[in-house]
Amino acid sequence: MEPVEVKYCLRCGCGLTRRRRFGAERPVCPQCDYTHFFDPKVAAAMWVEQNDRVLLVRRAATPARGRWTAPGGFVNAWEDPAEAAARECAEETGLTVSASDLLELVPGREHPGGAGFIIFYRGEITAGELQAGDDADAVDWFGPDELPEIAFHATGVMIARWQAGHFT
Ligand SMILES: [Zn+2]
């Protein structure tokens, strides 16, 4: 499923036609030969634990405003996903967190603007003070039996695995 129709060449502005390229019908520019690929959006998130509690942020923006998720966001083009997770975590929680292990890769786009998959890293805090920011309006620690309303299926998957002891 394509998220949007692409009509014009991103390089030269010529109208695109559809041709078979790399095993599928794709928008192709008849003038400069540009091929348009509908690539998945990639998100990266930090799974940070301290004293048997996990760090979650409350979303200040739609979708899922008011519900809680792991700190994270979209990976920019040419950005290391571990650095993207650290950047988003710093913006949303005020904490400097570095990615250690890659914990999980959770696939599945949950809404039209959402990521095709989310890479979760275990995060280790190196500095900072807890302070919500960017598209989070609260940040807090939660034990496995005192969780708030969760924003996304992917975060729910992570919490279920955590509760089952997969990350210890
Ligand atoms: Zn073109």
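Basis for what follows: all heavy atoms, side chains included, without hydrogens, waters or symmetry-related copies. Index from 1, following the sequence. Start at 1 and go down the list; that is how both ligands and their atoms are numbered.
Taking distances strictly below 2.8 Å, the protein N/O/S atoms close to the Zn ion (ligand 1) are C9 SG, C12 SG, C29 SG, C32 SG.
Judged by distance alone, the side chain of Q163 and the main-chain N or O of P144 form a donor-acceptor pair under 3.5 Å. At least one donor-acceptor pair closer than 3.5 Å links the side chain of E110 to the backbone N or O of A154. With hydrogens and angles disregarded, no donor-acceptor distance shorter than 3.5 Å links the side chain of T96 to the backbone of T126.
P30 approaches C14 most closely through the heavy-atom pair CG-SG, 4.1 Å.
Pairs of residues two or more places apart, or lying in two chains, that qualify as ring-ring contact (aromatic ring centres under 6.0 Å, His included) and include a residue from residues 45-74 are W47-W162, W47-F167, W68-F142.
Between D33 and R21 there is a salt bridge, since at least one side-chain N of the basic residue sits less than 4.0 Å from a carboxylate O of the acidic one.
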